[in-house]
Number of protein chains: 2
Amino acid sequence: MTAFDPAALLTVAREEARTGEAEGGVPIGAALFTVTGELLGRGHNRRVQDDDPSMHAETSAFRAAGRRPHYRDTVMVTTLSPCWYCSGLVRQFGISHVVIGEARTFSGGHDWLAEHGVGITLLEDPECIAMMTRFIERRPELWFEDIGTEPPPEH
Amino acid sequence: MTAFDPAALLTVAREEARTGEAEGGVPIGAALFTVTGELLGRGHNRRVQDDDPSMHAETSAFRAAGRRPHYRDTVMVTTLSPCWYCSGLVRQFGISHVVIGEARTFSGGHDWLAEHGVGITLLEDPECIAMMTRFIERRPELWFEDIGTEPPPEH
């Protein structure tokens with residue numbers, strides 16, 4: 001079943017995140033693959049680029065993959081632990097596995113997904129951690145907007 | 001706090017669902033309002049119309065409302081109980097209340113949202129029930145695709 005290489009999949013998501021960073025956006029990238037490693041769709045957060053709050057990295061990759069009758073043979077890779085919105089996407093569509101770059105700077109719903117039978121691979125990749133740490137330091141207001149949370153008082 | 005009229009809000013979502021039905025799409029509509037009843041965005045499922053699996057009614061309305069720093073003063077109205085994807089959206093962005101047309105033909109994550117402090121108003125509106133019942137009977141393959149589920153054997 002697990003014919004994919006998590007680190008290889010993460011490379012694609014990390015490239016997407018870097019593109020988002022270079023565009024001045026939220027540097028989170030994702031991609032949807034089959035469990036045998038075929039790329040179905042890739043994307044990055046487009047809040048800034050398209051003024052679109054609905055396009056998180058995972059939803060962007062899911063959209064790029066187009067319509068499918070089911071997702072039980074798919075793996076989502078994302079540079080950051082999926083928020084509730086993106087975790088809900090994974091659960092509803094029955095995506096079988098999620099490869100996560102890091103959950104150090106933000107932890108979303110991946111434990112909940114694991115409880116509901118989704119395979120989780122957490123890599124704690126230093127480059128993903130560094131990219132998000134840099135972003136949160138530089139653009140806290142944009143980060144908190146992206147997760148619908150008000151900045152803590154120190155910001 | 002609850003200055004909005006749930007039935008009046010549902011009228012807008014139902015209009016969106018009817019538009020989706022007339023377009024040959026999945027007949028689910030939604031809208032985002034402030035708790036004082038100001039319309040922020042409205043939309044309907046666009047799977048068929050845009051070949052876009054990421055645009056459920058609720059995500060479509062959320063997108064139409066544009067970027068906001070927070071959603072604690074907002075109410076989502078939808079003709080159908082929100083699936084896990086759309087329930088995750090509501091939880092992540094802190095939408096305070098969800099008005100639901102019906103949960104008879106499909107029940108998603110609204111109990112989970114209530115457990116996490118989201119106000120839920122379930123109307124069991126006969127027109128919403130009739131519209132979805134008609135759709136599921138006529139287009140079962142499209143309905144099951146929309147929720148990422150394989151049709152039961154009888155279909």
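Order of the sequence lines fixes the chain letters, A, B, ..., with proteins taken first and strands second; residue numbering starts at 1 for each chain.
Of the listed residues (A:Pro69, A:Cys83, A:Cys86), the one with the most heavy-atom contacts under 4.5 Å to chain B is A:Cys83. Counting heavy-atom pairs closer than 4.5 Å to chain A, the top residue among B:Thr149, B:Asp52, B:Val90 is B:Asp52. For the options A:Ser60, A:Gly94, A:Gly66, A:Ala64, heavy-atom pairs under 4.5 Å to chain B are most numerous at A:Gly66. Between chain A and the residues B:His56, B:Gln92, B:Glu141, the most heavy-atom pairs under 4.5 angstrom are made by B:Gln92. Ranked by heavy-atom pairs under 4.5 Å with chain A, the first of B:Arg67, B:Arg91, B:Glu145 is B:Arg67.
Residues B:Asp73 and B:Arg68 are paired through a salt bridge, judged by an N-O separation under 4.0 Å between the basic side chain and the carboxylate.
Between the side chain of B:Thr79 and the backbone N or O of B:Gly101 there is no donor-acceptor pair closer than 3.5 Å.
B:Tyr71 touches chain A through its side chain: at least one heavy atom from C-beta onward sits under 4.5 Å away, while N, CA, C and O do not. With a threshold of 4.5 angstrom between heavy atoms, B:Thr59 approaches chain A through its backbone and through its side chain. Within the 4.5 angstrom heavy-atom criterion, atoms from both the backbone and the side chain of B:Arg47 approach chain A. For chain A, the nearby part of B:Leu142 is the side chain; its heavy atoms alone come within less than 4.5 Å. Looking at B:Asp146, the atoms closer than 4.5 Å to chain A (heavy atoms on both sides) all sit in the backbone: N, CA, C or O.
Annotation: side chain of A:Ile95 is in contact with side chain of A:Leu32 (closest heavy-atom distance under 4.5 Å). Inter-residue side-chain proximity for A:His44 and A:Glu23 is flagged as met; some heavy-atom pair is nearer than 4.5 Å. The shortest side-chain heavy-atom distance between B:Phe62 and B:Thr74 does not fall under the 4.5 Å cut-off. At a threshold of 4.5 Å between non-hydrogen side-chain atoms, the residues B:Thr121 and B:Val98 do not count as touching.
By the 30° and 60° cut-offs, the orientation of the rings of B:Trp143 relative to B:Phe135 is perpendicular.
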